[in-house]
Q: 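Structure in structure tokens, see below.
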Number of protein chains: 2
Amino acid sequence: MRDVAALAQVSIGTVSNVLNNPDRVLPSTRERVEKAIAQLGWVPNQQAQQLRAGRGRTIGLAVMDVTNPFFADLLRSAQDVLFDNGFHATIGDADNNPQRQETILRTFLEQRVRGVILGPIGAQPDEVGELTKARIATVLVDRVAESVQCCTVGVDDHAGGRLAVDHLVETGHRRIAFAGGPISLKQVQDRLDGSKQAALEGDAELLVIAVPELDIAAGRQAADELVLMAPETRPTGVFCANDLVAIGLLQGLMAQGLSVPDDVAIVGYDNIDFAAAAAVPLSSIAQPRTDLGRTAANLLMAELADAEAGVAHAHQSVRFTPNLVVRESSAPRR
Amino acid sequence: MRDVAALAQVSIGTVSNVLNNPDRVLPSTRERVEKAIAQLGWVPNQQAQQLRAGRGRTIGLAVMDVTNPFFADLLRSAQDVLFDNGFHATIGDADNNPQRQETILRTFLEQRVRGVILGPIGAQPDEVGELTKARIATVLVDRVAESVQCCTVGVDDHAGGRLAVDHLVETGHRRIAFAGGPISLKQVQDRLDGSKQAALEGDAELLVIAVPELDIAAGRQAADELVLMAPETRPTGVFCANDLVAIGLLQGLMAQGLSVPDDVAIVGYDNIDFAAAAAVPLSSIAQPRTDLGRTAANLLMAELADAEAGVAHAHQSVRFTPNLVVRESSAPRR
DNA sequence: CTGAAAGCGCTTACAG
DNA sequence: CTGAAAGCGCTTACAG
């Protein structure tokens, strides 16, 4: 900047003004400064700008797994509204690792991001408290309010679990399994609880197949367990905690000669684009992931606007309702 | 920091030292400072640190589409090695939009990131020049060297295209189509060129079905085009520029009553996890995406290490070889 | 081992 | 309309 000022023969304060208050500076000098900027290829140092100004325009987005299309789509939609509002997004991928999530959040803190949108791993990350304490606007996504001191947007996972198992019960299944894990994930816990309730009310057994992670490999692992069971006791319908598990399960079962849905019916969760394209098109519980992302970003923008205006902000909790999409993988039994 | 110093009754210089040169400060005072930090919940301001120190430990990762599992996996693997080396990753998603990519790169520049790993959209982003000029180490991924002034790591897309079409020719196809776009993407261009060459050598026709983007919707669009054609002239084998297009094509064809591979055989590209799980398991050209990501990150680390040591850095171009994975979607015709 | 002081690259009142 | 000066929160020689 000093170089720019020297080349344009003005003070650095004037250079700053052509950037931040262009109308305060004479067109002729403005032009001179702009020419100098272009000539030197100068790019302002955001660190210095923010340090001085006190706040920047960067929003941190953290999700537990970018590799899961559900989150990728969610990020995409959130990012779109952030950009439209003139903010930058910086994405953190926790890789299903709570420790990594902590690192990411810590980094956001050190970077003094303006706000954070978090799809948290644990039940209730302590870090959220630190964020709000540091006056960083935070909205939790894919998680509903639990007396948290911030805005939240989520889907009713309990209802989603019920929906899935209700459907299996209605299509005649009495031995049902839930495949998912780890149970430390609130999503998994809620979906399981919903399942249990539906199974109870439908007078069906519910076997829990615990898997370490919500990915395709975990689904294959679940398939191995099912294949080992005697056909008379083996569940005839499986509800998977997400579509990745469902896809892995489907692959594993087919590879080992079992038929879907005839031997085992499957219902997944998230309704990612790949669910419809699976070997046997997957029934799935659809979450409005695009709305989730957009809403989260809008809530954040609203909170920042309130902060700007010095108005007190009332935290909101938006909860969407999931719905069942039936496809071939759980077509009524013949 | 001032508050911490006051509470611990030391100067701010000493607080800084317990962070950066813990051994220079008496254990007893160090402890006092640490207690004060914990008590106040103080988090250092990275902006100030970097501004003063001159450089930080953040690496910018930019890809054209986080929503594509190929890139999500690539990011994941690159990120792993960055973390292991004590760097933070900040991800930018260009959303297939060159303008957005420019914004991302500009932001990286303003943020004075230490290095950038870029999976570029255009042929040769000018911004790369700006990055290197600003002494930001840059490595291009999913793109081989074109006399670029930086390290690159990529896969031979031309060979990949050949591989795919050779396979179709060998399994008896003479009317072949290439489905992909936009042609402005180097990847698409190279894969098409390879296809053309293989078609020529195999004495087969090659029809180009141009699509606007490499996603599932584009694949469905290609299906619509194919379905409209008379069976006698319709291509019997289609090579898709990536697996998303292939999956969309598969869906579209099946929905409209055509059989894969009997009516139309399909070969995709990338071999994402979902390819094997598709309605008809997809043949695909496999790229070692995990190696791509890891190698890119390692090249960057090496370049930074050289810079640190004041040694001149010799840019490297690593090129991997793709290979064909045959599955049902292109099983030899009966 | 600790403190005082300069300075990183900007912005922002305040004079002129 | 433009410039000089203070200060954002740190780190880093330099004294002591």
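Chain A is the first sequence line, chain B the second, and so forth, proteins listed ahead of strands; every chain is numbered from 1.
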Q: Given D93(B), which partner from the list L61(B), T67(B), V66(B) fulfils the side chain to side chain contact (heavy atoms under 4.5 Å, CB included) test?
A: V66(B)
Q: Within less than 4.0 Å of OP1 or OP2 of dC1(D), is there a side-chain N or O belonging to T14(A)?
A: no
Q: Whether R100(A) and D80(B) form a salt bridge (side-chain N of Lys/Arg under 4.0 Å from carboxylate O of Asp/Glu) is what I want to check.
A: yes
Q: Starting from P on dG9(D), measure out to CH2 on W42(B) and report it in whole angstrom.
A: 12 Å
Q: Check every atom of dG3(C), dC10(C), dT11(D) against the side chain of M1(B) and return the nucleotide holding the closest atom.
A: dT11(D)
Q: Of all the nucleotides listed (dC10(D), dT2(D), dG9(C)), which has the minimum atom distance to the side chain of V25(A)?
A: dT2(D)
Q: If I take atom CG in residue N21(A) and atom C1' in nucleotide dC1(D), what distance separates them, rounded to the nearest angstrom?
A: 12 Å
Q: Let me know the distance between CZ of R32(B) and P of dC1(C), rounded to the nearest Å.
A: 14 Å
Q: Between D23(B) and V43(A), name the one whose nearest nucleotide on DNA chain C is closer to the 5' end.
A: D23(B)
Q: Please state how far atom CD in Q9(A) lies from atom P in dT2(D), giving the value in whole angstrom units.
A: 13 Å
Q: Between S77(A) (side chain only) and L74(A) (backbone N and O only), is there a donor and an acceptor less than 3.5 Å apart?
A: yes
Q: Round to a whole Å and report the spacing from CD of Q111(A) to P of dC8(D).
A: 22 Å
Q: Paired with dA13(C) by Watson-Crick or G-U wobble geometry, both distances under 3.5 Å: which nucleotide is it?
A: none
Q: L51(A) has an atom CG; how far is it from atom P of dT12(C), in whole Å?
A: 12 Å
Q: Give a yes or no answer on whether the side chain of D95(B) reaches the backbone of N97(B) with a donor-acceptor pair at less than 3.5 Å.
A: no
Q: Begin from the C-alpha positions of D142(B) and K186(B) and carry the test salt bridge (Lys or Arg N to Asp or Glu O under 4.0 Å) through to its verdict.
A: CA-CA 10 Å; D142(B) 195 25; K186(B) 194 71 168 58; over 6 Å; no
Q: With a 4.0 Å limit, can you tell me whether N45(B) has a side-chain N or O closer than that to the phosphate oxygens OP1/OP2 of dC10(D)?
A: no
Q: If you look at every strand shown and take non-hydrogen atoms under 4.0 Å, does V10(A) touch a base, only sugar-phosphate, or nothing?
A: sugar-phosphate
Q: Here's a test of your reading of the structure: between R24(A) and R24(B), which maps to the more 5' nucleotide of DNA chain C?
A: R24(B)
Q: In whole angstroms, how far is the C1' atom of dC8(C) from the CZ atom of R2(A)?
A: 10 Å
Q: Choose from dT12(C), dC8(D), dT12(D) the nucleotide whose nearest atom is closest to any side-chain atom of R52(B).
A: dT12(D)
Q: L26(B) near the nucleic acid: base, sugar-phosphate alone, or nothing, with a heavy-atom cut-off under 4.0 Å?
A: sugar-phosphate
Q: Output the rounded distance in Å from CD1 (I37(A)) to P (dC10(C)).
A: 10 Å
Q: Does OP1 or OP2 of dT2(C) have a side-chain N or O of T29(B) closer than 4.0 Å?
A: yes
